[in-house]
**Q** 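This is the structure, below, for whatever I ask next.
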Amino acid sequence: MTLKDDFHRTISMDAVAQRASSASPRSEGDRYLEPSEIWTDAQRIAHQRARLGTLLAALVTNPFYVAKYGGRRSVDDWANLPFTSKSELSADQAGHQPFGSNLTYALDRYTRLHQTSGTTGRPLRILDTAESWEWWQRCWEFVYRAAGVTARDRIFFCFSFGPFVGFWSAFSGAERIGALCISGGAQSTAERAASIIATNATVLVCTPTYALRLAETAREQGIDLVYSSLRVSVHAGEPGASIPTTRARIESALGVCAFDHAGATEVGAYGFSCEARDGLHVIEREFVAEIRDSAGNVASEGEGELVLTNLGRLATPAVRYRTGDHVKAARGRCECGRTLLKLQGGIIGRVDDMVVVRGVNVYPSSIEAVVRRFPEVGEFRLEITSERGMSEIKCVVEARADDDALLVAIADAIHRDIGIRCTVTAVAPGILPRSDMKANRVVRR
């Protein structure tokens, strides 16, 4: 039995049912539920209150939060503490060059500099101490463990390893669990495909978009990665791995079991998908999650914007940080056995990416879920225009230009599933841009 076959055996529904019926942490081969993953509400609240007390006490030496909160640093003041936004951090950094004032310690204590991807504005520079970097690694342990990744694995990273923190934290977290880490930095996509074969890599880490690009390029080189040693893929940066149709396409193209992950430079690696793969669990040992609805009300579950506070990154804390991610959060025991808050369906989309089309709220991820059903389509792009004060969406897909039946079928599926009329046009395969970072598929005109 191969390593790939062995993995699929360990995530069989029998194993899922067996774990879900157990209320105590235990080991199933290499798979293990950490005690905090099955906490009761009382245990979670007690832990988080204690950690919040430590965090708020540390803010006395953080100029950003001293100015923001004044003397309010008690857990009992929590509901009255104002939110923190990315625009606020950007303005602070612009006014306190080069690193901003959100620094709890003296500058000589910091050992790492990373920055945001810059897809939603000017990149933010974020510093970490050795202690906060170790915290990043511990958070990634949850991600890898839930995906069944162990020290026996060889993990291939399809990243350029620029200043974006996600590349480095994933790599460092893999080192922490003892896996063999293989960098694909500075390689072309074709070279990466060849390297995966040559090294017998068993795990792939990249964005969902790049996974499909990798498979496409490999086929052009005469390589079918389905027959490689890859058995697991871990994805972040886009909602794709939590969209069933996109995930199915990745799995079919690479012969893997695909898992999702969520994180942000400002807050840390906070979410992961389990074997149920119907959403993202929040690592509540290390993060406090709140849901802010459209009216500004805050609750511990429900639908709205995800607000996070990191508990182990005292050096550059994010307190009540508005992530900009729209989610549907629910509590209860997952079929995997975890009691962690679950973001159902993963990240639905960015709050500012939502488009109202003739009264219907539309996120790009909902259109992706439809488009990915059609194997004839390669990449796609959404073009949003305003006509007579109303938003309209056009979907551009890579497909044969003369395949009118396909374009009609896609348009009909979007109308049936989402409830909007959407023009669908075709461009030749390979025309639309690819990226090994977050794909930018929304163009506003």
Side-chain angles (χ1 to χ4, degrees), residues 2-8 10 30-31 112 114 117 133-134 136-238 240-241 250-251 253-261 263 269 272-273 434-438:
T2 67
L3 197 59
K4 181 182 288 191
D5 291 334
D6 182 60
F7 174 75
H8 286 294
T10 63
D30 289 315
R31 299 175 69 76
R112 301 188 72 100
H114 298 285
S117 61
W133 191 246
E134 183 182 5
W136 270 97
Q137 294 175 314
R138 293 199 304 272
C139 292
W140 266 97
E141 284 188 85
F142 284 84
V143 181
Y144 287 131
R145 183 171 59 246
V149 179
T150 73
R152 294 181 302 175
D153 280 300
R154 303 174 185 181
I155 308 179
F156 193 91
F157 296 86
C158 286
F159 297 129
S160 62
F161 286 89
F164 180 53
V165 70
F167 308 158
W168 297 98
S169 61
F171 196 92
S172 193
E175 288 180 308
R176 183 179 177 89
I177 68 171
L180 176 60
C181 302
I182 307 168
S183 170
Q187 290 182 322
S188 67
T189 301
E191 289 171 332
R192 288 170 177 170
S195 184
I196 287 170
I197 297 296
T199 59
N200 290 325
T202 59
V203 178
L204 176 70
V205 179
C206 64
T207 65
T209 296
Y210 192 77
L212 295 174
R213 177 188 175 190
L214 178 69
E216 177 184 61
T217 302
R219 285 194 298 270
E220 293 170 355
Q221 300 296 315
I223 300 172
D224 190 345
L225 292 176
V226 169
Y227 298 102
S228 73
S229 296
L230 288 177
R231 63 181 186 83
V232 171
S233 59
V234 178
H235 304 287
E238 305 161 0
I250 292 170
E251 294 180 337
L254 296 176
V256 297
C257 192
F259 291 82
D260 199 6
H261 158 64
F272 63 89
S273 61
R434 269 77 165 163
S435 173
D436 61 356
M437 292 184 65
K438 301 177 184 179

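Only this structure's heavy atoms are used, side chains among them; waters, hydrogens and symmetry mates stay out.
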**Q** For residues Ala215 and Leu254, report the shortest heavy-atom separation together with the two atoms involved.
**A** CB-CD2, 3.8 Å

**Q** Would you verify whether the NZ or CZ of Arg145 falls within 45 degrees of the ring axis of Phe142 while also being under 6.0 Å from that six-membered ring's centre?
**A**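 Flagged: Arg145 positioned over aromatic ring of Phe142.
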
**Q** Where the side chain of Trp168 meets the backbone of Gly162, is there a donor-acceptor pair that is under 3.5 Å apart?
**A**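 Yes; judged by distance alone, with no hydrogens or angles, the pair exists.
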
**Q** Ignoring hydrogens, what is the shortest heavy-atom contact between Gly185 and Ser183? Give both atom names and the distance.
**A**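 Shortest heavy-atom contact: N-OG, 3.1 Å.
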
**Q** Quick one: does any side-chain atom of Ser195 pair with a main-chain N or O of Glu191 as donor and acceptor, under 3.5 Å?
**A** no

**Q** Return yes if some donor-acceptor pair links the side-chain N/O of Arg192 with the main-chain N/O of Gly184 below 3.5 Å, else return no.
**A** yes

**Q** Taking the side chain as C-beta and beyond, is there a heavy-atom pair between Ile196 and Ile223 under 4.5 Å?
**A** no

**Q** If we only count heavy atoms from C-beta on, is the Ile250 to Pro208 side-chain gap below 4.5 Å?
**A**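 When only atoms from C-beta onward are counted, Pro208 and Ile250 do touch, with a gap below 4.5 Å.
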
**Q** Between Tyr144 and Thr150, does the side chain to side chain donor-acceptor pair (under 3.5 Å) criterion hold? Intermediate values first, please.
**A** CA-CA 7 Å; Tyr144 287 131; Thr150 73; over 6 Å; no

**Q** Which residues satisfy the ring pair (Phe, Tyr, Trp, His ring centres under 6.0 Å) test with Phe157, sequence neighbours excluded?
**A** Phe171

**Q** Between Glu238 and Thr209, is a side chain to side chain contact (heavy atoms under 4.5 Å, CB included) present by the stated rule, with each step listed?
**A** CA-CA 8 Å; Glu238 305 161 0; Thr209 296; 2.7 Å; yes

**Q** Output yes when a side-chain donor or acceptor of Arg152 lies under 3.5 Å from a complementary backbone atom of Ala179, and no otherwise.
**A**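 Between the backbone of Ala179 and the side chain of Arg152 there is no qualifying donor-acceptor contact (under 3.5 Å).
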
**Q** Where do Leu230 and Thr202 land on the side chain to side chain contact (heavy atoms under 4.5 Å, CB included) test, with the steps shown first?
**A** CA-CA 4 Å; Leu230 288 177; Thr202 59; 5.8 Å; no

**Q** What residues, two or more places apart in sequence or in another chain, satisfy side-chain hydrogen bond (donor to acceptor under 3.5 Å, both in side chains) together with Ser172?
**A**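 Partners of Ser172 by the side-chain hydrogen bond (donor to acceptor under 3.5 Å, both in side chains) criterion, ordered by chain and then number, come out as Trp133, Gln137.
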
**Q** What pair of heavy atoms forms the shortest contact from Ala269 to His261, and how long is it?
**A**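 Closest pair (atom of Ala269, atom of His261, distance): CB-CE1, 3.5 Å.
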
**Q** Set out, in order, the CA-CA distance, both residues' side-chain angles and the distance that settles side chain to side chain contact (heavy atoms under 4.5 Å, CB included) for Thr189 and Arg213, then state yes or no.
**A** CA-CA 8 Å; Thr189 301; Arg213 177 188 175 190; 3.4 Å; yes

**Q** Angle between ring planes, Phe167 versus Phe159, binned at 30° and 60°: parallel, tilted or perpendicular?
**A**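 Plane angle under 30°, so parallel.
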
**Q** Looking at residues at least two apart in the chain, or sitting in another chain, which of them share a side-chain contact (heavy atoms from CB on, under 4.5 Å) with Glu216?
**A**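 Glu216: side-chain contact (heavy atoms from CB on, under 4.5 Å) contacts with Arg219, Glu220, Arg434.
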
**Q** Before giving the answer on side chain to side chain contact (heavy atoms under 4.5 Å, CB included), spell out for Asp153 and Arg231 the whole-Å C-alpha distance, their side-chain angles and the decisive distance to 0.1 Å.
**A** CA-CA 10 Å; Asp153 280 300; Arg231 63 181 186 83; 2.6 Å; yes

